[in-house]
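A short write-up of the structure that comes next.
Heavy-atom basis, side chains included; hydrogens, waters and symmetry copies ignored. For ligands, and for the atoms within them, numbers begin at 1 and follow the listed sequence.
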Amino acid sequence: MHKANIKLVKDMVVSTVDKRIFGSFIEHMGRAVYGGIYQPNHKSSDANGFREDVKELVKELGVTLVRYPGGNFLSGYNWEDGIGPRDQRPKRTDLAWRAIETNQVGIHEFAQWADEIGVDVNMAVNMGTRGIDEARKLVEYCNFEGGTYWSDKRIENGRKEPFSFKTWCIGNEMDGPWQIGHKTAEEYGRLATETAKAMKLVDESIELVVCGSSNSQMPTFGDWELTVLDHTYEYVDYLSLHQYYGNYANNLEEYLACSLDMDEFIKGVVAMCDAIKAKKHSKKQINLSFDEWNIWYHSNEQDKQIKPWFIAPPQLEDKYNFEDVLVLGTLLITLLKHSDRVKIACLAQLVNVIAPIFTEQDDNTSAAWRQTIFYPFMQAAKYGRGTVLTPLVQSDSYQTEQYEKVPYVETISVLSEDEKEVTIFAVNRSKEKLELTVDSLGLVMDLVIEATQMAGHDIKAENSVTDDSIKPEVVTNYRFEDNCLILDLAPLSWNVVRVALR
Ligand code: AHR
């Protein structure tokens, strides 16, 4: 059996969690929109064609904000195609995903869907084929009260009150050569600055996210961030990070360690933000929007078979298994560990496309279902609210080819907003049991309200429309000893333990 211990100290905190850290992402691609959230001929659809069963699962998941409408799709998108009478909207080629976009869902429909669920929209402007002019018009269309050309068009199209979208992305992955309208850091930095200025002139209350690198392995990583921030620092509020992981070599030990990469990535980007702050003698702090993160690799081979120019092709339809639960848990913990700087994060994506929620293709009767990764996200979104306590952790560890020291336990604790309970999230990466001793200072642990675990499954086992067996189970694997709480974490397990405080 391995051992680890954590010390919870009331006054040693990372930060209050920004609820937007539990965001997600809907892109116009694959079956995310059409056949995902929107399926007019499905038995559970509402009058606007949106699936009620999917809405219910999004609510249950606890998502707080949804980034929209892309993604790579964004860089060729004309937002004007998705407004006005639906029967007059054009069908367009989506060059990013080589599919056909019908534009039956646009800003109005999506905003209404988001309103009904109670999530904020993180809107995005096209920096690929378009620029300053379209961006300022879009902000005017969405956020201006009325009495101008674009705001009156919104009213004409049925929405009197402004949408008042608060958070906006200035383009998507503009460093990537695959991106339509790909730019150098200099080109993008200048364009993003001028776009940001114009957007904030229309609505000074908005917050802007400027593109960081598409992932930390990009050859321009680092130079991109420094150059873009050098241009945009005083005009934007967040820098984006994107990263996807996968068990490419079918090496569990290595795969379970990938959150260490995320940790390094965040630390590096924070350092770059602060370097530019120092260079500019600025008082302002740029925070991070990790607005695409997830596991993405299961669907790589099947995607090669997909033919171009179809509506809603089944792209990026990863089916998640049990080992993905453990990895997703470690990634969630890592985001919480950095909640002092990561203020927005989006699990990419939400429905069907690399998603926790899944619907069956061409099926108008069966219900939407929860993939395995649904559960750790749901629990973190529910109990990861409040104040993150500094992780004072000691743990036995192991070594992999890539990492010298991988702690067997990945853990974080969050003190609830009312300070009546603390929730311990923990992943046991080991194939053996792990005894986790929780000691506390300034917090008096009273009793365990609930302990759940996900454990004991074949690591490759998946959920399906008919089998939802990979989910949290209530357990009693804890005891109090000498004022400490001892948790016996099962081998390869995701654990959530809620402790009442006195
Ligand atoms: O989420 C899928 C794709 O991944 C997005 O369109 C893009 O931004 C990223 O490369």
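In plain terms, the two heavy atoms of Asn321 and Thr372 that are nearest each other are O-OG1, 2.9 Å.
Distances shorter than 4.0 angstrom occur between a heavy atom of Tyr244 and an atom of ligand 1.
For the atom pair Lys183 NZ and Ser75 OG, the distance stands at 7.5 Å (nearest 0.5 Å). The CG atom of Asn122 lies 10.0 Å from the OH atom of Tyr238; values are rounded to the nearest 0.5 Å.
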Evaluate Trp178 against Trp97 for ring pair (Phe, Tyr, Trp, His ring centres under 6.0 Å), listing each step before the verdict.
CA-CA 11 Å; Trp178 60 86; Trp97 299 104; over 10 Å; no
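Applying the 4.0 Å criterion to heavy atoms of Gly71 picks out, from ligand 1, the atoms 5 (C), 6 (O), 8 (O). Within the listing of ligand 1, atoms 3 (C), 6 (O) sit less than 4.0 angstrom from a heavy atom of Trp97. Within ligand 1, counting atoms from 1 as listed, the ones closer than 4.0 Å to a heavy atom of Glu173 are 7 (C), 8 (O), 9 (C), 10 (O).
A salt bridge links Lys55 with Asp46: the distance from a Lys NZ or Arg NE/NH1/NH2 to an Asp or Glu carboxylate oxygen falls below 4.0 Å. At a threshold of 4.0 Å, the pair Asp53-Arg51 counts as salt-bridged, since one of the basic side-chain nitrogens sits closer than that to a carboxylate oxygen. Using a 4.0 Å cut-off between a side-chain N of Lys or Arg and a carboxylate O of Asp or Glu, Arg190 and Glu186 do not qualify as a salt bridge.
At a heavy-atom distance under 4.0 Å, atoms from both the backbone and the side chain of Asn72 approach ligand 1. In Phe73, neither the side chain nor the backbone holds a heavy atom less than 4.0 Å from any atom of ligand 1.
Annotation: atom 8 (O) of ligand 1 to nearest protein heavy atom, Glu292 OE2, 2.6 Å. The protein atom (non-hydrogen) at minimum distance from atom 6 (O) of ligand 1 is Glu27 OE1, 2.6 Å.
When only interatomic distances are considered, the shortest N/O to N/O separation between Gln349 and ligand 1 falls below 3.5 Å.
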